[in-house]
There are 2 protein chains.
Amino acid sequence: MATYKYERPALAVDCVVFGRDEKALKVLLIKRGLPPFKDMWALPGGFVRIDESLDAAARRELKEETGFADVFLEQLYTFGAVDRDPRERVVSVAYYALVNLQGHQPKAASDAAEADWFALDALPKLAFDHKEILRVARERLRAKVRYQPIGFELLPEKFSLSALQRLYETVLDTSLDKRNFRKKLGEMDFVVATGELESGVTHRRAQLFRFDEKKYQALMKRGFNFEL
Amino acid sequence: MATYKYERPALAVDCVVFGRDEKALKVLLIKRGLPPFKDMWALPGGFVRIDESLDAAARRELKEETGFADVFLEQLYTFGAVDRDPRERVVSVAYYALVNLQGHQPKAASDAAEADWFALDALPKLAFDHKEILRVARERLRAKVRYQPIGFELLPEKFSLSALQRLYETVLDTSLDKRNFRKKLGEMDFVVATGELESGVTHRRAQLFRFDEKKYQALMKRGFNFEL
DNA sequence: ACAAAAGTGTTTTCCATACACCCATGC
DNA sequence: GCATGGGTGTATGGAAAACACTTTTGT
């Protein structure tokens, strides 16, 4: 049971950052400036410091490498194959983040590495086991979006019902019936109309809605169950 | 990005072992023989070796401390609060296991520590953050049992439908309608009658069924969806 | 004969799905 | 006036839920 006797794996965090851009779902990747896998694309991430929690490490790396702060961030899975890093043993706790792409420029990372958004169906080759991590993240997002209201994290604060529907269609990779979709949302009191209208469009302006976190929490406590 | 410069957290695995005993759902705990938390109950677990994967570490510890091998084992969540171990920084990858309690005696662990089963509603005080780990494991079990056929892992190979129903009622903490439950199972071709009957009971003998893994896998590929 | 659990169908309710047309706006 | 997406209600089918009595066995 003595800890210090044995050699320890290094411990890292990696973040899968999902963003929605117009019609496609995208992931933020970083171009590696150092070996191994130099010049290859990879998930943002880094080593966990001795005095920070895993969540804190994930948030710090996300901030440092992509500029995002105060976003939805949740632990995904921990990847620990012995040879997943060619240098030495590295165990990585993966997280996934959901961000609203509007307003956030595809900013270059603070440490001068290149950063860019990639559509999920046009990904480059990835370093390490990051392809696998991304696969698991995508699966999780797809599963979770159906029973927890996390889809809103990918939209601006105010959004049209059509935008929300397109998002669900993208994530779930299906098409949904417009009237049925709206009917179900109409029953969810935590999606509230702001009274404002969409602008700058070449057709009828859509009404804008927002997600009311407080109302949602209140309903949850009363046993409400979010579904699709 | 240099790994070796920084002090590393220790990396451990902990296992939540669920077992079903007659009517109650139970967890296997180990009495700690060493400080910290000496003589307190804790989840079986230990440190990850440099040359084994996380899954392998979990299986090894499970075997060493409880004697269970070849059981359902799945990664749960990774706990990384800075102060979760009073000695030093330890990050723990938690797993949960489902075992069939029949036939496996509440065996004492190989390293002479005391091991015992505890009903989930009569738990002792636990070491470290193991209460929290157990809470998360229970939540996961409850959620997963509804859409994946993992409940069978907690039963002997041959079981009666009543036993299966009682198991679901225990895990989900609800009561289920007998006829509806049997109707649904009747539609699932991978729960097959063995033709054998229960024995040693003081009432009508129940027919015994078994879970047919192959048939289940075949159905899965055709898009079948297990539900409750 | 009685206690204890096994086994068995039908009806009702509700939710998911399918489906088509008019409206507002910019060009 | 036309192209583009916004917005709206109803009918149908199928799954979930509710529900009670007979059978078998041991004592």
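Within every chain, numbering begins at 1; the chains are lettered A, B, ... in the order of the sequence lines, protein sequences first and strands thereafter. Below, all heavy atoms of this structure are taken into account, side chains as well, without hydrogens, waters or symmetry copies. Being a predicted model, the structure only gives us computed values, none of them experimental.
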Between [N] atom [atom2] and [X] atom [atom1], what is the distance in whole Å?
X      : N      : atom1 : atom2 : result
B/Q165 : D/dA17 : CD    : P     : 13 Å
A/E198 : C/dG26 : CD    : C1'   : 13 Å
A/L164 : D/dG6  : CG    : P     : 12 Å
A/L185 : D/dG7  : CG    : P     : 12 Å
A/K184 : D/dT8  : NZ    : P     : 18 Å
B/N225 : D/dG14 : CG    : P     : 19 Å
A/L161 : D/dG7  : CG    : P     : 7 Å
B/R204 : D/dT25 : CZ    : P     : 7 Å

(message) Taking CD in A/Q148 as the centre, count heavy atoms belonging to other residues, nucleotides or ligands within less than 6.0 Å. Is the count above 12?
(response) yes
(message) The side chain of A/K183 is closest to which nucleotide in this list: C/dC23, D/dT4, D/dT10?
(response) D/dT10
Return the orientation label for the [X] and [Y] ring planes: parallel under 30°, perpendicular over 60°, tilted otherwise.
X      : Y      : answer
A/F211 : A/Y216 : tilted
B/F190 : B/F226 : tilted
A/Y77  : A/F79  : perpendicular

(request) Output yes when at least one side-chain N/O atom of A/S162 is less than 4.0 Å from OP1 or OP2 of D/dG5, else no. (result) no
(request) Establish, with yes or no, whether the OP1 or OP2 oxygen of C/dC27 is under 4.0 angstrom from a side-chain nitrogen or oxygen of A/T202. (result) no
(request) State whether the distance check finds a donor on one side and an acceptor on the other, under 3.5 Å, for side chain B/R205 versus base D/dT24. (result) no
(message) Which heavy atom of B/G19 sits nearest to which heavy atom of B/W117, and what is that distance?
(response) N-CZ3, 3.6 Å
(message) Contact list please: residues 174-182 of chain A against DNA chain C, heavy atoms, distance less than 4.0 Å, in numerical order.
(response) A/D177, A/R179, A/N180
(message) As a test of understanding, state which of A/R32, A/H130, A/E114, A/K125 forms a side-chain contact (heavy atoms from CB on, under 4.5 Å) with A/W41.
(response) A/E114
(request) Looking at every strand, decide which applies to B/Q207 at a 4.0 Å heavy-atom threshold: base, sugar-phosphate, or nothing. (result) sugar-phosphate
(message) If we count only N and O atoms by modelled type, under 3.5 Å, do the side chains of A/S160 and A/R166 hold a donor and an acceptor together?
(response) no
